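One structure below.
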2 protein chains.
Amino acid sequence: MIPVQKLTFKQQQLLVREAAIINAVHGLLARKGYDLMTMDEVAAEVGIAKASLYKHFASKESLAAAAMIHLIENTLAHVRALPPDMPAIDQLRGILRWALEIRLQGGLPMLPSDNKFLRESLLENPQYISRVMDLNELLAGLIEAARAAGELHQHLPVEVILLTIYARSCDPSVDYLKMMDVHDDEQIVEFMLATCFGGLSGMPQSV
Amino acid sequence: MIPVQKLTFKQQQLLVREAAIINAVHGLLARKGYDLMTMDEVAAEVGIAKASLYKHFASKESLAAAAMIHLIENTLAHVRALPPDMPAIDQLRGILRWALEIRLQGGLPMLPSDNKFLRESLLENPQYISRVMDLNELLAGLIEAARAAGELHQHLPVEVILLTIYARSCDPSVDYLKMMDVHDDEQIVEFMLATCFGGLSGMPQSV
DNA sequence: GTCTATACCATGATAGAC
DNA sequence: GTCTATCATGGTATAGAC
């Protein structure tokens with residue numbers, strides 16, 4: 001970590017601008033997806049020339065990667081900030097609720113479900129992978145705790161439960177339900193939580 | 001319907017070729033997705049020139065639409081062929097199992113989760129929509145029957161259950177589980193069925 | 001490091017001969 | 001209706017001046 005006072009004004013300006021770029025990318029990625037997002041649009045939204053973009057990020061791919069890394073870091077911070085004395089199952093439900101609420105407000109899902117190229121390039125990005133592994137570890141710990149407490153299915157492997165929670169954060173049902181416009185956002189979140197944890201078959205969960 | 005004997009040899013040949021085209025598109029769509037599938041590839045896989053492709057289908061969009069319509073018709077046929085005396089919940093589980101097995105063997109999911117453009121263009125295609133509505137009606141009937149039999153959550157709206165089943169057929173968890181390569185296809189299907197109907201929280205279903 | 005202008009390429013679509 | 005050859009568009013990336 002570089003001490004703050006050692007940052008020149010120019011360096012700070014650079015960081016601010018890069019933050020603005022990532023912010024714009026985050027919004028465009030959520031609205032249009034990776035393929036339909038063009039570098040022209042990014043430049044226009046930030047208010048700089050396209051060539052300047054390439055001074056900050058080497059490619060469209062690395063730009064998207066930076067945005068996804070930022071997203072994972074946000075998620076990590078949120079998970080770490082949860083009260084440790086809260087029951088693990090409630091923490092897990094809370095994390096999914098939080099992710100779904102962000103997505104319904106126009107944010108990105110945790111799992112990159114968008115584009116195969118992007119997915120593969122991210123899987124080769126060590127920065128991204130290391131953060132995803134951190135998050136995986138945290139969540140796996142919660143899953144094991146909740147399962148030990150009898151709150152999760154005893155015979156499902158941890159990785160299946162973990163993947164299921166990730167997958168719910170990018171579930172297309174949310175888009176279609178929103179499109180149908182008969183339930184409000186809060187109800188949609190409750191439906192997703194109910195179907196994810198309770199399942200379709202019953203188990204009288206709160207809904 | 002045109003009587004078979006009225007079809008000239010040329011007309012039959014045309015139908016065979018179009019079937020071959022749709023077949024190739026089906027495979028490419030499943031392997032690469034809509035965006036990454038190019039018309040050059042389609043032509044190459046069928047073994048005809050690209051320009052010939054455009055004699056059969058006006059655009060890439062209409063080509064994909066034809067493949068998706070074909071897929072829905074397959075699904076409709078499968079659902080209609082189910083024994084009517086089977087309990088509704090078993091029919092629903094069987095449909096999802098069937099869809100997942102096809103997908104694991106390299107087929108397409110029922111729900112077009114691939115591309116926003118494609119999704120929107122399909123929603124404006126009356127042929128596609130009418131078949132989807134037929135399928136929706138069939139499945140909604142099964143869902144209502146299963147719910148009346150106490151086999152499905154009483155407080156979830158039919159459309160939520162319907163969307164959830166569709167969404168499971170294109171769940172990215174399947175890809176990631178397959179990628180991890182620690183469970184075989186059959187196990188993956190069972191996990192998906194367990195998490196879909198039983199949920200993560202327990203409800204001692206078969207797994 | 002920012003800009004304008006442009007190279008370069010992939011790809012959807014078409015012309016025109018046979 | 002099939003082919004070869006070509007066009008047109010749009011989008012990533014870069015050159016070069018300031």
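What you are looking at is a predicted structure, and each value in this text was computed from that prediction instead of being measured. Naming convention: chains lettered A, B, ... in sequence-line order (proteins, then strands); numbering from 1 in each chain.
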Please round to the nearest 0.5 Å and tell me the distance separating atom CD of Gln187(A) and atom CE of Met192(A).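 If we round to the nearest 0.5 Å, Gln187(A):CD and Met192(A):CE are 14.0 Å apart.
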Spacing of Ile188(A) atom CD1 and Leu177(A) atom CG [to the nearest 0.5 Å]: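 Going from the CD1 atom of Ile188(A) to the CG atom of Leu177(A) covers 5.0 Å.
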May I ask you to decide if [Y]'s main-chain N or O and [X]'s side chain share a donor-acceptor pair within less than 3.5 Å?
X	Y	result
Ser169(A)	Pro109(A)	no
Thr195(A)	Leu200(A)	no
Arg131(A)	His70(A)	no

Interatomic distance, [X] [atom1] vs [N] [atom2] [rounded to whole Å]:
X	N	atom1	atom2	answer
Glu18(A)	dG1(C)	CD	C1'	12 Å
Phe57(A)	dT14(D)	CZ	C1'	18 Å
Met39(A)	dA7(C)	CE	C1'	17 Å

Contacts under 3.5 angstrom, residues 45-55 of chain A side chains, donor-acceptor by atom type, not counting sequence neighbours:
from: Glu45(A); atom 1: OE1; to: Arg31(A); atom 2: NH2; distance (Å): 3.4
from: Lys50(A); atom 1: NZ; to: Asp40(A); atom 2: OD1; distance (Å): 3.4

Contacts under 3.5 Å, N or O only, protein and nucleotides 2-4 of chain C:
from: dT2(C); atom 1: OP1; to: Arg17(A); atom 2: NH1; distance (Å): 2.9
from: dT2(C); atom 1: OP2; to: His56(A); atom 2: NE2; distance (Å): 3.1
from: dT2(C); atom 1: O5'; to: Arg17(A); atom 2: NH1; distance (Å): 3.4
from: dC3(C); atom 1: OP2; to: Ala49(A); atom 2: N; distance (Å): 2.5
from: dC3(C); atom 1: OP2; to: Ser52(A); atom 2: OG; distance (Å): 2.8

Both conditions, 6.0 Å and 45 degrees, for the charged tip of Lys116(B) above the ring of Tyr34(B): are they met here?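 The answer is no; the distance or angle limit is not met.
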Does anything in residues 60-67 of chain A come within less than 4.0 Å of DNA chain D? Heavy atoms only, and list the residues if so.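 Output list: Lys60(A).
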Heavy atom of residues 24-36 of chain B under 4.0 Å from DNA chain C: which residues?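 Nothing qualifies; none.
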Among all residues two or more places apart in sequence or in another chain, which pass the side chain to side chain donor-acceptor pair (under 3.5 Å) test with Asn136(A)?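 Asn136(A): side chain to side chain donor-acceptor pair (under 3.5 Å) contacts with Tyr166(A).
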Distance alone, cut at 3.5 Å: any donor-acceptor contact between the side chains of Glu73(B) and His78(B)?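 No, because no side-chain N or O of Glu73(B) sits under 3.5 Å from a partner of the opposite role on His78(B).
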Hey, does the side chain of Tyr54(A) come within less than 4.0 Å of dT14(D)'s phosphate (OP1/OP2), counting only N and O?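 For dT14(D), neither OP1 nor OP2 has a side-chain N or O of Tyr54(A) closer than 4.0 Å.
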Of all the choices, dG1(C), dT12(D), dT11(C), which nucleotide is nearest to the side chain of Leu14(A) once you look at every atom?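 Comparing dG1(C), dT12(D), dT11(C) against the side chain of Leu14(A), the answer is dG1(C).
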What's the shortest heavy-atom distance between Ile161(B) and His153(B), and which atoms?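 What the structure gives for the nearest pair is CD1-O, 4.4 Å.
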Please, which pairs that meet salt bridge (charged side-chain N to carboxylate O under 4.0 Å, His left out) have at least one residue in residues 171-181 of chain A, sequence neighbours excluded?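 Qualifying pairs: Arg103(A)-Asp175(A), Arg168(A)-Asp171(A), Asp171(A)-Arg168(B), Asp175(A)-Arg119(B), Lys178(A)-Asp185(A).
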